[in-house]
*Asks:* 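Quick one: structure below, then a few questions.
Worth saying up front: this structure is predicted, and the values here are computed from it rather than measured. In what follows, chains are A, B, ... by sequence order, proteins preceding strands, each numbered from 1.
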Amino acid sequence: MNKKYSDFFNPEMETMTRPQIEKLQLERLQATVAHCMNSPFYKKRFEDNGISPSDIKTLDDLRKIPFTTKQDLRDTYPFGIASAPLDRCVRLHSSSGTTGNPTVILHTQKDLDEWANAVARCLWMVGCRPGDVFQNTSGYGMFTGGLGFQYGAERVGMLTVPAAAGNTKRQLKFFTDFGTTVVHAIPSYATRMFEVMEEEGIDPRRDTRLKTLVIGAEPHSDEQRRRIEQMLGVKAYNSFGMSEMCGPGVAFECREQNGMHIWEDYYIVEIVDPETLEPVPDGELGELVLTTLDREAMPLLRYRTRDLTRVLPGKCPCGREHKRLDRMQGRSDDMIILKGVNIFPIQIEQVLMKFKELGGNYLITLETLESNDEMTVEVELDQLFTDSFGRLQALEKKIARELHDEILVTPKVRLVPRGTLPVSEGKAVRVKDLRKKF
Amino acid sequence: MTVNQISIFIENKKGTLIKVLGVLKDAGIQLITTTIADTVEYGIFRIICDRPADAYEALMGAGIPAVLSEVFAIELDNRPGSAADTIAIFAEAGIGINYLYSFLLAGQGIMVFSTDEAQKASEVITSNGLKSLRSDMLSRMAE
């Protein structure tokens with residue numbers, strides 16, 4: 001097959017009809033569940049719940065299987081959930097473990113091959129072809145955005161430039177010297193590269209061959225995407241991946257730029273209410289739950305991703321019937337979602353830490369004021385450096401501005417005297433959500 | 001010639017004033033005058049007292065963030081219009097006033113103000129023969 005002349009990287013999988021997808025999913029689900037009995041974790045979990053692989057007769061029977069959580073991955077750290085012996089595994093990726101035990105994901109050679117195929121399918125879908133020059137600005141190493149895109153881009157047959165993260169001037173030199181046409185970058189870094197281009201007098205339209213940008217891994221709005229496209233003169237495509245599901249290549253926008261197709265030959269998608277864990281209808285927001293369908297080393301059954309999204313109803317004009325996911329709307333755990341922006345309390349803490357006048361105690365309050373959701377950040381003034389209201393207010397404004405730069409919304413900042421906020425006893429309450437729920 | 005003033009950042013909440021005043025009482029500090037400037041969210045409690053350095057130490061030791069600053073205390077003639085005449089002198093010299101309050105001590109009117117242009121204000125005080133007080137002078141008047 002001459003792939004140069006096909007719109008599909010894998011026509012057989014990409015053009016399946018809904019009944020064909022579901023037939024393949026059931027076959028693969030049954031095989032996966034049977035294979036999971038090689039995992040000490042899953043074997044015990046099935047026994048504890050009185051279910052056996054033969055109970056999975058239809059796709060709906062998936063719901064008999066309990067969810068797998070990140071905590072399960074931590075509890076079985078490092079290899080306790082694997083379904084293949086270690087001597088058949090050729091690579092592992094691990095999370096940083098900033099909030100507990102790190103998590104480890106193992107891969108056999110077949111897993112890596114399929115991962116590369118999945119990423120290649122995504123890149124092909126947005127027009128990448130042999131002859132393109134692909135530059136990856138992701139960190140390499142444990143972070144899956146590096147090697148994941150690397151192998152996928154090679155699989156497409158592009159010339160790859162594994163530039164890795166940072167050194168923006170060098171990135172730009174590669175653009176101009178190597179004729180880079182496709183770039184993978186997080187949205188904020190794409191903006192940063194444009195700023196440096198301006199400083200260096202580089203016009204992306206005139207001086208580079210850039211045409212496609214692959215973005216993701218960082219919450220961003222459609223407006224931001226349009227701005228990036230405008231600045232760089234490219235088409236920018238949103239992507240979704242997570243290390244538990246290999247990494248990049250799980251879901252990707254097609255040229256319609258309207259939702260990310262999730263590859264249903266690789267994953268079964270469920271969207272559940274994060275409270276009741278019951279499925280929600282297409283179009284409704286809920287937590288994304290994924291079951292892997294072709295993994296050897298570490299298949300995961302009904303993995304709660306904690307990402308909030310929805311399945312977009314209706315058919316995509318591109319012809320692919322693989323479901324489309326909306327942009328990730330936030331996290332069902334500690335992430336704050338305000339005005340559609342995902343915010344971690346740690347981001348706010350890091351900004352506050354930079355001000356020597358402030359103490360370590362702070363309180364984030366979310367409330368609905370005149371049908372607008374607002375954030376107030378109260379922080380203790382550790383040292384009184386002035387007795388002028390004007391200077392105190394100027395400090396509040398400066399904090400608000402720096403917070404905006406970090407979290408993209410402008411909170412109201414209130415300085416409070418030392419000792420007036422709840423003291424951290426073990427885990428301090430840092431977020432009070434008083435918003436009206438709809 | 002200036003006076004030491006202590007400023008404390010306080011929350012608009014019941015019980016905060018008594019906490020601050022209790023610390024000063026325990027340290028044997030005599031207050032000469034106090035004022036509270038308040039906004040919706042917080043207040044600044046300003047204190048002039050007999051031993052400002054000791055008062056500052058006591059407050060900081062009790063975990064109450066305070067700041068010591070220098071303000072001008074001008075003796076006013078006890079007649080209608082003396083405040084206006086005095087302020088007019090500073091206004092003509094182009095000196096901005098951050099805040100101002102006044103009180104009577106031993107029958108004498110005293111006007112306290114803060115400015116960012118202390119050097120210039122001192123010059124104006126001297127050249128116009130205004131009576132500017134020091135902390136120790138206030139303490140003696142309060143005895």
Side-chain angles (χ1 to χ4, degrees), chain A residues 348 352-367 369-370 372 374-401 403 410-425 428-430 432 434, chain B residues 2-20 22-23 33-49 52 55-72 96-101 112-118:
Chain A
I348 290 170
L352 298 177
M353 299 276 270
K354 288 195 281 186
F355 289 88
K356 61 179 188 330
E357 301 92 339
L358 305 178
N361 273 343
Y362 65 93
L363 181 66
I364 300 163
T365 305
L366 306 168
E367 52 199 331
L369 301 170
E370 292 167 10
N372 230 333
E374 301 287 349
M375 175 191 282
T376 302
V377 176
E378 287 172 282
V379 58
E380 287 185 5
L381 192 63
D382 195 41
Q383 291 166 350
L384 195 63
F385 59 98
T386 176
D387 84 326
S388 141
F389 281 114
R391 294 210 183 100
L392 290 174
Q393 276 156 3
L395 177 64
E396 289 177 339
K397 281 212 183 92
K398 187 158 186 270
I399 296 167
R401 217 164 37 235
L403 283 172
T410 305
K412 184 168 164 37
V413 173
R414 273 191 59 192
L415 296 172
V416 299
R418 189 161 72 191
T420 53
L421 292 178
V423 185
S424 30
E425 284 163 11
V429 179
R430 299 292 194 201
K432 259 196 330 200
L434 309 173
Chain B
T2 54
V3 164
N4 285 318
Q5 173 191 258
I6 294 167
S7 302
I8 303 158
F9 187 49
I10 55 170
E11 205 184 6
N12 285 354
K13 212 172 83 179
K14 284 176 188 166
T16 40
L17 263 185
I18 193 64
K19 188 179 166 207
V20 172
V23 169
T33 186
T34 65
T35 176
I36 293 178
D38 69 304
T39 67
V40 180
E41 283 149 9
Y42 44 71
I44 295 179
F45 186 20
R46 299 188 173 108
I47 299 165
I48 290 177
C49 59
Y56 175 79
E57 288 301 318
L59 289 166
M60 295 299 274
I64 300 170
V67 65
L68 259 181
S69 53
E70 295 192 351
V71 291
F72 290 96
I97 306 266
N98 295 332
Y99 56 83
L100 176 149
Y101 55 97
V112 175
F113 69 89
S114 155
T115 174
D116 292 334
E117 297 150 292

*Asks:* Between I64(B), T16(B), V67(B), which residue shows the highest count of heavy-atom pairs closer than 4.5 Å to chain A?
*Replies:*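 Ranked by contacts with chain A, first place is V67(B).
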*Asks:* CZ of R391(A) to CG of D116(B): how many Å apart, nearest 0.5 Å?
*Replies:*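 The distance works out to 5.0 Å.
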*Asks:* Can you tell me which portion of E396(A) sits under 4.5 Å from chain B's heavy atoms? Options are side chain, backbone, both or neither.
*Replies:* side chain
*Asks:* Any chance you could measure R414(A), atom CZ, to E11(B), atom CD, to the nearest 0.5 Å?
*Replies:* 7.5 Å
*Asks:* Return the CZ to CG distance between F9(B) and D382(A), rounded to the nearest 0.5 Å.
*Replies:* 12.0 Å
*Asks:* Going by heavy atoms in the side chains, are I44(B) and F389(A) under 4.5 Å from each other?
*Replies:* yes
*Asks:* Does Y99(B) reach the side chain of D387(A), with side-chain heavy atoms less than 4.5 Å apart?
*Replies:*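 The answer is yes, as the side chains (C-beta and beyond) meet within the 4.5 Å cut-off.
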